[in-house]
Structure formats: structure tokens, C-alpha cells
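Everything numeric in this text was worked out from a predicted model, so none of it was measured. Just follow the structure's listing: the first ligand is 1, and inside any ligand the first atom is 1.
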Amino acid sequence: MQGVRVVRGALDMARQTQLLSDLREVARAAPFLAPVTPGGRKMSVRMTSAGRVGWVTDARGYRYEARHPSGVDWPPIPGIALDVWRTWSGVDRDPDCCLVNLYGEGARMGLHQDRDEGDFRWPVVSISLGDEGLFRVGGTTRAAPTRSVWLRSGDVAILSGDARLAFHGIDRIRFGSSGLLRDGGRINLTMRVVD
Ligand code: MD6
Ligand code: FE
């Protein structure tokens with residue numbers, strides 16, 4: 001589909017390692033949460049955010065919040081992630097939020113649209129770190145045909161234009177396929193302009 005772009009190896013190993021260590025600092029300030037959907041389902045990924053606002057989900061719904069549920073501000077978006085946004089987003093405004101998803105063994109993410117933002121003319125840019133994840137992307141209806149691509153550590157994926165509201169998800173990861181995270185697992189960062 002027009003507007004789905006995958007940039008292979010956008011981050012070299014040195015930058016992947018640095019970004020991972022920056023994310024450990026993010027998680028120290030704003031610990032990973034075990035999110036629950038508004039419908040009451042436990043998600044298999046764990047989540048935190050960096051930036052002016054963070055994306056959260058619980059019984060009250062999907063939304064952006066100015067603080068982590070603990071009451072602390074979300075930490076700043078790591079510089080390497082901002083560099084990726086500035087290089088690949090194609091826009092001249094920085095993101096408000098960097099959502100951090102952590103996949104352990106068996107974690108997945110169901111087909112969804114990213115639609116809690118105010119203006120879908122801004123793209124969403126993602127960075128993958130660690131184990132490979134099978135990214136499925138389709139059209140703007142759930143029933144539209146999909147295609148799948150393995151995202152590897154250092155890859156960047158961009159949803160923009162017609163694809164900004166494309167349904168997408170992670171069917172599975174290849175646990176242990178990368179040595180970046182000592183204990184295995186996958187991290188995906190998604191940066192968005194929120195309002
Ligand atoms: C993931 N990615 O790769 C999930 N959303 O773990 C996303 O949900 C995503 O990769 C918007 C744009 C790019 C993405
Ligand atoms: Fe998404």
C-alpha cells in the first residue's frame with residue numbers, strides 16, 4: 001500500500017546499543033506497565049512512553065496522558081530516536097510521544113489502527129530493536145488484504161499518507177533471534193505527533 005515504508009538497517013549496531021541503554025533510563029524513570037484494553041483484555045506487550053505525553057490504555061479507554069500513572073513526567077525522547085524521526089518522517093515538526101512496546105516470549109500485537117492522535121496528516125515512525133517481529137499491514141478496513149514483513153533490529157517503519165490509518169500488528173516474534181537484549185525479546189518505539 002502507498003505510504004508504508006520499511007527502511008532496513010537504519011540504525012547501525014552502535015546506535016542500537018546506545019538507544020537500548022537510553023531506553024533503560026526511560027524505563028527507570030517511567031517503568032513498563034502491563035496494559036489492559038478498554039474491553040478488559042490484558043495485552044501481552046508491556047508499555048511505557050517518552051515525550052510530552054504518553055499513550056496509555058485501561059478501563060477508561062485509549063488516550064494520551066501528560067504523566068505516567070505513578071505521577072511522574074514521561075522522560076524526554078532519546079536523541080537517537082529523535083534523529084530517526086528527523087531523518088525519515090519527512091516533516092519538520094518533532095513528535096510529542098514515543099511509545100515503547102516491549103515484547104517478551106510469546107507476546108504479539110493484534111491488528112489495529114493508530115488513531116488516538118488529532119491530525120492524521122502527521123506520519124507515525126517506528127524503530128525496532130532486538131528480536132525479529134512479523135509485521136502485518138493491510139488497508140484502512142480490517143477486512144482488506146494484508147502483507148507481512150519481518151522487522152529486524154535497526155529497521156525503521158513509516159506509516160504516512162494513505163497508509164497512516166492502515167491496520168497493522170505483530171503476529172509473532174522470533175524469540176532469541178537477536179543478541180541485542182541479553183535475555184531476548186523485542187522493543188518497538190513508535191513516535192507520533194499527538195495534537
Ligand atoms: C510493533 N508497531 O512493531 C508495532 N504503528 O511492535 C506499530 O504498532 C506501528 O510499527 C504505527 C506505525 C508503525 C508501527
Ligand atoms: Fe501501531
*Protein N, O or S atoms less than 2.8 Å from the Fe ion (ligand 2), ignoring waters?*
His112 NE2, Asp114 OD1, His168 NE2
Side-chain donor-acceptor pairs of residues 74-85 under 3.5 Å, sequence neighbours excluded:
unit_1 : atom_1 : unit_2 : atom_2 : d
Trp74  : NE1    : Glu65  : O      : 2.8
Trp85  : NE1    : Ser89  : OG     : 3.4
Trp85  : NE1    : Arg93  : O      : 2.8

*Between Thr140 (side chain) and Leu165 (backbone), is there a donor-acceptor pair under 3.5 Å?*
no
*Spell out, as yes or no, whether a donor-acceptor pair under 3.5 Å connects the side chain of Arg152 to the backbone of Arg8.*
no
*Any donor-acceptor pair under 3.5 Å linking the side chain of Thr48 with the backbone of Val100?*
no
*What residues form a side-chain contact (heavy atoms from CB on, under 4.5 Å) with Arg46, not counting sequence neighbours?*
Phe32, Leu102
*Derivation of the side-chain hydrogen bond (donor to acceptor under 3.5 Å, both in side chains) call for Arg186 and Ser128*: CA-CA 7 Å; Arg186 174 174 184 267; Ser128 292; 2.8 Å; yes
_Val193, Asp195, Val194 screened by side chain to side chain contact (heavy atoms under 4.5 Å, CB included) with Trp122, the one that passes_ = Val193
*Mind jotting down which protein residues get a heavy-atom contact under 4.0 Å with ligand 1? Chain and number order, please.*
Tyr103, His112, Asp114, Val124, Ser126, Phe135, Leu159, His168, Ile170, Arg186, Asn188, Thr190
*Have a look at Arg192 and tell me which of Asp114, Asp116, Asp96 forms a side chain to side chain donor-acceptor pair (under 3.5 Å) with it.*
Asp114
*Provide the closest heavy-atom pair for Val26 versus Ser49 in the form atom of the first, atom of the second, distance.*
CG1-O, 3.9 Å
